[in-house]
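Please read the structure below before turning to the comments.
Start at 1 and go down the list; that is how both ligands and their atoms are numbered. Given the structure is predicted, the values throughout are model-derived calculations rather than measurements.
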Amino acid sequence: MIDRREFIELATSASAVACSSTQPKRVARTTQPLAKPLFVATWPFGKPACDRAVEVAGRGSMLDAIEQGIWVTEADIKNASVGIGGIPNSAGDVELDACIMSGPDHNAGSVAGIQDILHPISVARKVMEETIHVMLVGEGAKQFAISQGIPATQLLTDQQKQKWIEWQKNNHKRPEVDEDNHDTIAMLGLDEQGDLWGGCSTSGWGYKIPGRVGDSPIIGSGLYVDNAVGAAGATGVGENVMRFCGSFLVVEMMRGGANPTDACQMAVERIASMDPKRGINDLDINFIALSKNGEFGGAGTSNGFKFSFAARDESGVRDGRALSEKPIGPEGGNRK
Ligand code: ASP
């Protein structure tokens with residue numbers, strides 16, 4: 001029996017049977033929507049982030065909830081793929097990408113390649129609320145943050161610096177990809193009024209070329225919110241999402257009538273069918289989606305580890321049967 005107050009992580013079962021190599025993994029489906037406000041976020045680290053978001057939504061705005069939920073992940077020094085403690089680029093600098101979207105006014109803010117700022121999600125929000133622009137990059141984004149009273153911080157930890165030195169000695173060999181060294185927090189929210197919100201934040205691909213920008217800060221790729229239909233967010237190899245406007249595609253699938261899980265799966269299949277070079281298991285892309293009526297789900301292709309996401313409302317998850325509905329796919333794919 002699931003405790004209604006318990007925070008439930010929706011994940012694929014480790015013991016699940018391998019599915020067809022042409023099928024992305026459908027990680028969860030809801031048959032019964034959660035109460036509003038509700039939040040859905042990528043990966044196990046989405047769990048404490050959603051926890052905080054629900055708490056903040058109880059006393060603040062949904063944008064506060066998304067922003068402060070994501071703060072939890074950005075401030076987690078042990079998380080090597082988001083915020084402080086993130087894996088640096090090939091020059092040893094931590095460069096962060098983030099964006100935020102507000103459904104009711106279809107507004108957005110974004111930063112890419114920003115350095116020395118602990119909470120890029122907050123800078124993205126400032127871009128949205130305090131400027132006439134949508135996206136700021138690099139040094140300009142950092143200077144804007146400072147002008148808004150956000151202090152500069154050292155983001156490269158001693159541990160990541162050491163690993164970067166090793167990586168250089170090791171002929172720049174790409175690190176094994178696992179749950180500890182990649183990924184994005186993408187968070188979607190739905191409030192009592194039926195309005196949708198979203199945000200995402202990442203340090204991107206470890207040891208990337210300086211200046212590389214992934215899908216996460218690109219509206220329609222790493223995140224998309226359409227207040228009439230639903231919201232979607234992405235994690236995985238940004239290059240394989242941003243060439244296809246992945247999150248926009250998921251939302252369009254929902255507009256066409258697909259439920260969130262099916263929409264994510266259909267988007268992955270569409271991307272795989274259009275990519276001439278990569279099979280579905282080489283794409284390493286994962287989506288979460290939340291519909292206007294409160295259904296949520298996800299699907300992805302990540303191999304060698306499990307794509308999972310978290311969802312919660314004030315009282316916990318209502319439908320524990322959403323767990324592990326579909327099997328995990330074959331192991332062993334690589335990021336391309
Ligand atoms: N999508 C992110 C990027 O490509 C990284 C990830 O989610 O694994 O920058």
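Near Gly238, the atoms of ligand 1 lying under 4.0 angstrom from a non-hydrogen atom of the residue are 1 (N), 3 (C), 4 (O). Less than 4.0 angstrom separates some heavy atom of Thr235 from each of these atoms of ligand 1: 6 (C), 7 (O), 8 (O). Annotation for ligand 1: atoms under 4.0 Å from non-hydrogen atoms of Ser216 are 1 (N), 2 (C).
Within the structure, the closest approach of Lys208 to ligand 1 does not fall below 4.0 Å when heavy atoms are considered.
Backbone and side-chain nitrogen or oxygen atoms of Asp183 are examined, and one is located within less than 3.5 angstrom of a nitrogen or oxygen of ligand 1. Here's the thing with Gly236: one of its N/O atoms is less than 3.5 angstrom from an N/O atom of ligand 1. Geometrically, ligand 1 and Val237 share no nitrogen or oxygen pair separated by less than 3.5 Å. The shortest N or O to N or O distance between Thr184 and ligand 1 is under 3.5 Å.
At a heavy-atom cutoff of 4.0 Å, ligand 1 is contacted by no atom of Ala234, backbone or side chain. By the criterion of a heavy-atom distance under 4.0 Å, the side chain of Arg212, and not its backbone, is placed next to ligand 1.
Counting heavy atoms only, Asp215 comes closest to atom 3 (C) of ligand 1 of the residues Ile218, Asp215, Val82, Thr202.
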If you apply the rule side chain to side chain donor-acceptor pair (under 3.5 Å), what do you find for Trp71 with Ser122, and how did you get there? CA-CA 8 Å; Trp71 280 359; Ser122 298; 2.8 Å; yes
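With hydrogens and angles left out, the side-chain atoms of Ser203 and Glu95 include no donor and acceptor closer than 3.5 Å. With 3.5 Å as the limit, one finds a donor-acceptor pair spanning the side chains of Thr235 and Trp43.
A salt bridge is defined here as a Lys NZ or Arg NE, NH1 or NH2 lying under 4.0 Å from an Asp or Glu carboxylate O, and Lys161 with Asp158 fails to meet this definition. Ion pairing between a basic and an acidic side chain is recognised when a charged N comes within 4.0 Å of a carboxylate O; Lys163 and Glu166 show no such pairing. The residues Arg125 and Asp64 are annotated as salt-bridged, a charged nitrogen and a carboxylate oxygen being separated by less than 4.0 angstrom.
Proximity of the aromatic rings of Tyr224 and His106 is defined here by a centroid distance below 6.0 angstrom, and this criterion is met.
Within 6.0 Å of the CZ atom in Arg270, the count of heavy atoms belonging to other residues, nucleotides or ligands does not exceed 12.
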